[in-house]
Number of protein chains: 2
Amino acid sequence: MRKPGLSETRQRILQFIHDFADEHRYAPTVRDILKGCNLSSTAVVQHHLNVLDREGLIDRDPKVFRSIQLPNRRSIVHVPLLGTIAAGEPIPVPSSDTWRDEADDTIELTDEITQGKQVYALKVKGSSMIDALIDDGDTVLMQPTNSADNGDMVAVWLKDREEVTLKRLFQEHGRIRLQPANCQMSPIFVDPANVEIQGKVIGVIRQL
Amino acid sequence: MRKPGLSETRQRILQFIHDFADEHRYAPTVRDILKGCNLSSTAVVQHHLNVLDREGLIDRDPKVFRSIQLPNRRSIVHVPLLGTIAAGEPIPVPSSDTWRDEADDTIELTDEITQGKQVYALKVKGSSMIDALIDDGDTVLMQPTNSADNGDMVAVWLKDREEVTLKRLFQEHGRIRLQPANCQMSPIFVDPANVEIQGKVIGVIRQL
DNA sequence: TATAAAATGGAACACTTGTACTAAGAACAT
DNA sequence: ATGTTCTTAGTACAAGTGTTCCATTTTATA
């Protein structure tokens with residue numbers, strides 16, 4: 001955590017900004033920092049803020065009060081919950097409409113979880129995804145796509161069986177191997193013409 | 001989303017506050033709202049803000065610029081990542097020290113995921129938790145406790161086998177039933193003296 | 001030790017932002 | 001119509017907040 005080459009005072013200022021923002025949900029002023037760090041002149045704070053700014057350790061918009069921000073700070077993203085995923089039915093695929101439709105449910109995650117990607121969420125219905133280590137009631141985070149790299153966990157629609165399944169996908173000379181996440185289970189092999197990739201799974205969330 | 005009994009203009013103001021905060025990471029001023037909502041006097045904004053405040057639809061600290069906040073907003077919590085969980089070793093149990101030790105890794109989640117509870121995180125090592133539908137590399141969210149209600153998913157240390165396992169726990173007249181999350185698998189029955197509850201699992205996160 | 005560089009103090013100043021006052025238009029019921 | 005209430009305008013002022021200047025002290029460097 002401690003950055004070398006950073007004076008004790010500036011370290012304290014950074015920490016204070018962090019804690020203050022955590023507590024109040026808005027950034028501290030120069031004078032807040034002054035009191036919070038036991039300094040005795042706004043000029044001192046000003047000086048350190050300038051240095052921190054120059055070194056990229058804080059962001060701030062001059063002309064905007066209370067605009068000090070710590071970079072690399074996680075932000076909250078609103079992930080639309082577009083419906084359910086079950087074995088017997090194709091998954092909802094987002095249109096440009098559904099992305100911004102505020103009327104639907106959303107779950108709020110940090111971008112650490114979504115990895116900064118544009119994702120949507122589906123609630124798992126039923127126990128058919130057990131072999132992907134996904135339980136009834138879990139939430140899966142999907143990235144819309146029609147293609148995938150080898151090894152990606154994808155939601156595929158198997159045309160002949162008329163069912164959707166979550167598996168790791170591998171292209172193998174003329175056929176496709178679908179490998180369950182549970183390593184104790186066997187893969188299935190299908191004809192490429194028989195599979196339709198509906199999205200890539202980038203995460204699973206289970207709340208108990 | 002749309003609150004009934006809320007004038008069109010005030011609705012727009014709420015929406016603007018939300019969007020502005022999302023974009024800038026700090027709250028709008030009266031004059032920001034003025035421009036953003038195509039109004040033409042600060043007094044109008046002021047008036048609507050007063051009404052919204054009175055109705056509890058916004059929070060703000062008079063005397064603090066840019067302090068307008070929307071209530072019910074998710075906030076980010078820093079969950080300490082205290083170590084790993086594997087079959088063969090007891091899990092790290094947090095002390096009051098480790099909670100605030102900033103040197104350790106943390107993951108940042110919304111309180112929607114942690115359900116507002118005080119939790120810590122463990123990284124799963126190995127495939128021994130497969131029957132709990134938990135894979136190698138998953139992150140489990142734990143709540144420290146020595147007791148549990150029937151049906152809770154807990155981390156228990158089995159003294160005779162010297163291993164930790166994640167199961168649903170049920171007290172049954174003189175014995176304890178440990179039920180795997182995977183319903184296809186059978187429960188095990190153990191002597192109460194043989195189990196030591198190390199924590200309650202309140203969530204699982206998998207990133208692919 | 002001598003010198004430069006960095007950090008600190010105190011205070012004034014300028015800009016940002018919230019608030020109050022007044023007046024006028026719009027909606028609405030009597 | 002008439003009055004009441006809600007909304008919109010324009011403006012001025014007060015308070016919060018960032019910035020600058022200069023002097024002083026402390027720390028680092030040769």
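Hydrogens, waters and symmetry mates are skipped; everything else that's a heavy atom, side chains included, is used. Quick note on labels: first sequence line is chain A, next is B, and so on, each numbered from 1. Since the structure is predicted, the reported quantities are computational estimates derived from the model, not experimental observations.
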Ignoring backbone atoms, test whether [X] places a side-chain nitrogen or oxygen under 4.0 Å from the OP1 or OP2 oxygen of [N].
| X | N | answer |
| --- | --- | --- |
| Arg66(A) | dG16(D) | no |
| Ser67(A) | dT17(D) | no |
| Gln46(B) | dT19(C) | yes |
| Thr9(B) | dC6(D) | no |

Base, sugar-phosphate alone, or nothing: which one does Thr42(A) contact when heavy atoms must sit under 4.0 Å apart?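 Here Thr42(A) touches the bases of the nucleic acid.
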Closest-nucleotide mapping onto DNA chain C: is Phe65(B) or Val44(A) further toward the 5' terminus? I mean the 5' end.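 It is Val44(A) whose nearest nucleotide is closer to the 5' end.
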By nearest nucleotide on DNA chain C, pick out whichever of Arg31(A) and His47(A) is the more 5' one.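 This one resolves to His47(A).
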Nearest-Å distance for atom pair [atom1]/[atom2], residues [X] and [N]:
| X | N | atom1 | atom2 | value |
| --- | --- | --- | --- | --- |
| Lys63(A) | dT20(D) | NZ | P | 8 Å |
| Tyr26(B) | dG18(D) | OH | C1' | 14 Å |
| Ile68(B) | dG16(D) | CD1 | C1' | 15 Å |
| Leu52(A) | dA6(C) | CG | P | 15 Å |
| Leu34(A) | dG18(D) | CG | P | 11 Å |
| Ile33(B) | dT8(D) | CD1 | P | 14 Å |
| Leu39(A) | dA7(C) | CG | P | 12 Å |
| Arg10(A) | dT27(D) | CZ | C1' | 13 Å |

Evaluate the ring planes of His78(A) and His18(B), with Trp represented by its six-membered ring, and classify them as parallel (under 30°), tilted (30 to 60°) or perpendicular (over 60°). perpendicular
Tell whether Ser40(A) reaches the base of dG9(C) with its side chain through a donor-acceptor pair below 3.5 angstrom.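 Looking at the base of dG9(C), it does not pair with any donor or acceptor on the side chain of Ser40(A) (distance under 3.5 Å).
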Check step by step if side-chain hydrogen bond (donor to acceptor under 3.5 Å, both in side chains) holds for Asp111(A) and Ser75(A). CA-CA 6 Å; Asp111(A) 50 9; Ser75(A) 58; 3.3 Å; yes
Ring-face cation of Arg66(A) near Tyr26(B) (centre distance under 6.0 Å, axis angle within 45°): no
Does a sphere of radius 6.0 Å around NZ in Lys117(B) hold more than 12 heavy atoms from other residues, nucleotides or ligands, not counting ones at 6.0 Å or beyond?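 Enclosed: over 12 neighbouring heavy atoms sit under 6.0 Å from NZ of Lys117(B).
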Passes side-chain hydrogen bond (donor to acceptor under 3.5 Å, both in side chains), Gln115(A) versus Gln207(B)? Steps please. CA-CA 9 Å; Gln115(A) 302 166 45; Gln207(B) 295 191 72; 3.3 Å; yes
Which nucleotide sits closest to the side chain of Pro62(A): dC21(C), dT19(D), dA12(D)?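 Looking only at heavy atoms from C-beta outward on Pro62(A), the closest nucleotide is dT19(D).
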